[in-house]
Structure formats: structure tokens, C-alpha cells
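Below you'll find the structure, written out as C-alpha cells, and then a few comments.
Keep in mind that the numbers below use all heavy atoms, side chains included, and drop hydrogens, waters and symmetry copies. Below, read A as the first sequence line, B as the second, and so on, with proteins coming before strands; counting in each chain starts at 1.
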2 protein chains.
Amino acid sequence: MSGSAELKGAGLKATAPRLKILELMEESSQRHMTAEDVYRGLLDMGDEVGLATVYRVLTQFEAAGLVIRHSFEEDRAIYELADESHHDHMVCMRCGKIQEFTDCGIEQLQMEAATRHGFRVSSHSLYLYGLCADCGSSKS
Amino acid sequence: MSGSAELKGAGLKATAPRLKILELMEESSQRHMTAEDVYRGLLDMGDEVGLATVYRVLTQFEAAGLVIRHSFEEDRAIYELADESHHDHMVCMRCGKIQEFTDCGIEQLQMEAATRHGFRVSSHSLYLYGLCADCGSSKS
DNA sequence: GTATATGCAAAACTTTTGCATCCTT
DNA sequence: AAGGATGCAAAAGTTTTGCATATAC
């Protein structure tokens, strides 16, 4: 599916900045990017897009369901393409690596817990913080 | 346990601003407060504490384990007293109400998922977003 | 008495917005 | 042609910091 069709399918005009941002996020080795990361990534590719536009486009992409906005424990938002199925995150507190995972059992128990409280869940976020395999074994 | 002893136990000098902030958070009906909330709460009690000090003290409290810092999906940090056992949160997206809950089964599965990835968990956060019982039933 | 904490103001950072101009349809 | 999108700069909001003064131990 071309980026253009993807945008139109989401009800957005296929403008150059939107196409570039979508392309960057699809081709980047980083799955999780801040607005600043996107802005700099475009500059590195030789594309000039205003930072304000990056913010506006990411906000629109989120509203359209193209990307997911995370807050993690930091001070700024992180965006991720929404092109795969839902997953949760393990964040390494030493090296910053983010490992994704899914667990149907957890999802199931979440729904049950919500139901017990009369709560209707539309989305959720689960983060595990600690040390990844690499950092946890090195004793430095 | 007096606030003073609590602070000293955490390795912090028992200064007036720290005591007031701790007291405010212990006595407030709000369990989740922003730095601004704390600042205004103190003003309402007639205590003048600089906003910069509130930020510094909350940061120290978090480092000392007295409070927990959350990011939720918003743009600013929210602090909560760490005086109770761990729990997760359900956030109502219409009225903003925060319902706390715990589920041992979920915790168990989280540990198992982490182990599968060689990850050592030191903490985690789980948020369910949706509609609370009140908002989910009213069709307005 | 000394090291640390506080208050104030200014700075730093992220994110949003007003407005003139440009581009997509 | 018309409405929406972009860029720039300025604004807004949160959080941090420099420095002189005040406080706890």
C-alpha cells in the first residue's frame, strides 16, 4: 500500500510532509521516535519540514490511528507506527532498549479485572521496567 | 510515624517545606497530584512554598521511594504517595476518574513474560483506559 | 559552624498557536 | 478556485537551574 493511499484512507490529504514522515517512520530502524527524532531524521534525509508541522502531523496521525502515542516515564511523547498488532513494552532502565511482547493471558485478565469494576476498556498500556538480558547479566 | 521520622528515615533533612508537602499528600482526598496541585494545595492551607521547591522535593521524594511518579497519557507528571501496596490504574477517559485495582494473576503473568525474554523486572505500570461504570452507562 | 535547602527569577524544553503563504484536490 | 496544510515566529506550559539567603543538624 502506497503512503499516499494510506493517508487518503485515513482521511488525510497526501501532502509532502505527511508522506515523508510516514516514510521515515516506516523505514527507520527505530520503532519509537519523539517528535524531535522525526524532525531530525527528516533533516538527515535532506528534507526540511518545520517542527510545528511534525507535531501537527503526528497528532493527526494519532487521531487517524496511524501511530500510537506513548508517555513512558519520560517528559516527552514517543510515537510508534500502528501497523502491527497490539503489544506491550519492557523498558531497560540501563541501556534504554525497548523490548516488545504480547501475552494473551494478561489481556484476558485485564478484561476480567475491568469487568469486575464495571469498567469498559478501550485501550491499555503496560510497561515493565528493569534490566534487559544484556544489562542484567553484566555486573558492571 | 511522624513526618519528621519518615523524612529522616529516607535520608532527608526534616525541613518545613518537605514536612508540609508530605502532610498535604497524606491528608489530601486526592491521591494523584501534579506539582501544581501540591503548590496550590499548600497555598490554600496558607503555606507559602516556592514552586521550584515543590518540584525539587517531589523529585527527591521519588528518589527516596516516598512517592511514585506517573506519566499517564498527559503532558505532565502526577505524583502519588507510595505508602500503600502496589496497584494498577483504570483511567476514565470521559470524567477522568482514576480507579485503582490489583490483580495477582496479572502480576504473575508479567513476571513469566519477563523471564521468557531474560528481562529482570524492577517495577511496572499498567493503565486501562476507557469508560468507568458511571460514564459507560449514561448514553449522553 | 557547615553543609544543605529554599526562594526568586531566569532559562530550558516540549508542545501549541496565529497568521501569511502555499499546495492538494 | 477553495479549503486545508505549512512554515515561521511567538506563546504557552511544565520543569530545571543559578545564585544569594536562610535553615537544619
Nearest whole Å is fine: how far is [N] [atom2] from [X] [atom1]?
X: B/Leu43; N: C/dG7; atom1: CG; atom2: C1'; result: 13 Å
X: A/Leu7; N: D/dG4; atom1: CG; atom2: P; result: 17 Å
X: A/Arg40; N: C/dT14; atom1: CZ; atom2: P; result: 9 Å
X: B/Arg69; N: D/dT14; atom1: CZ; atom2: C1'; result: 10 Å
X: A/Lys20; N: C/dT24; atom1: NZ; atom2: P; result: 10 Å
X: A/Gln60; N: D/dA5; atom1: CD; atom2: P; result: 6 Å
X: B/Leu22; N: C/dA5; atom1: CG; atom2: C1'; result: 16 Å
X: A/Asp75; N: D/dG13; atom1: CG; atom2: C1'; result: 13 Å

ask   = Does D/dT16 have OP1 or OP2 sitting under 4.0 Å from an N or O in the side chain of B/Tyr55?
value = no
ask   = Looking only at side-chain N and O atoms, does B/Arg18 come under 4.0 Å of OP1 or OP2 in C/dA5?
value = yes
message = Within this structure, what is the CG-CZ distance for the pair B/Leu12 and B/Phe61, rounded to the nearest 0.5 Å?
response = 6.5 Å
ask   = How many angstroms lie between CG in B/Leu58 and CD1 in B/Ile78, if you round to the nearest 0.5 Å?
value = 12.0 Å
key: Per-nucleotide protein contact string for nucleotides 17-25 of chain D, where B marks a base within reach and S marks sugar-phosphate only (heavy atoms under 4.0 Å, - for neither)   = BB-----BS
request  = Answer yes or no: are there more than 12 heavy-atom neighbours, outside A/Glu48 itself, under 6.0 Å from its atom CD?
outcome  = no
message = If you count heavy atoms of other groups shown closer than 6.0 angstrom to CD of A/Glu112, is the number above 12?
response = yes
request  = Report yes or no: do B/Glu80 and B/His70 form a side-chain donor-acceptor pair below 3.5 Å?
outcome  = yes
message = Quiz question: by atom type and distance under 3.5 Å, do the side chains of B/Glu100 and A/His117 form a donor-acceptor pair?
response = no
ask   = B/His124: what forms a ring-ring contact (aromatic ring centres under 6.0 Å, His included) with it, not counting sequence neighbours?
value = B/His86
request  = Looking at every strand, decide which applies to A/Glu48 at a 4.0 Å heavy-atom threshold: base, sugar-phosphate, or nothing.
outcome  = sugar-phosphate
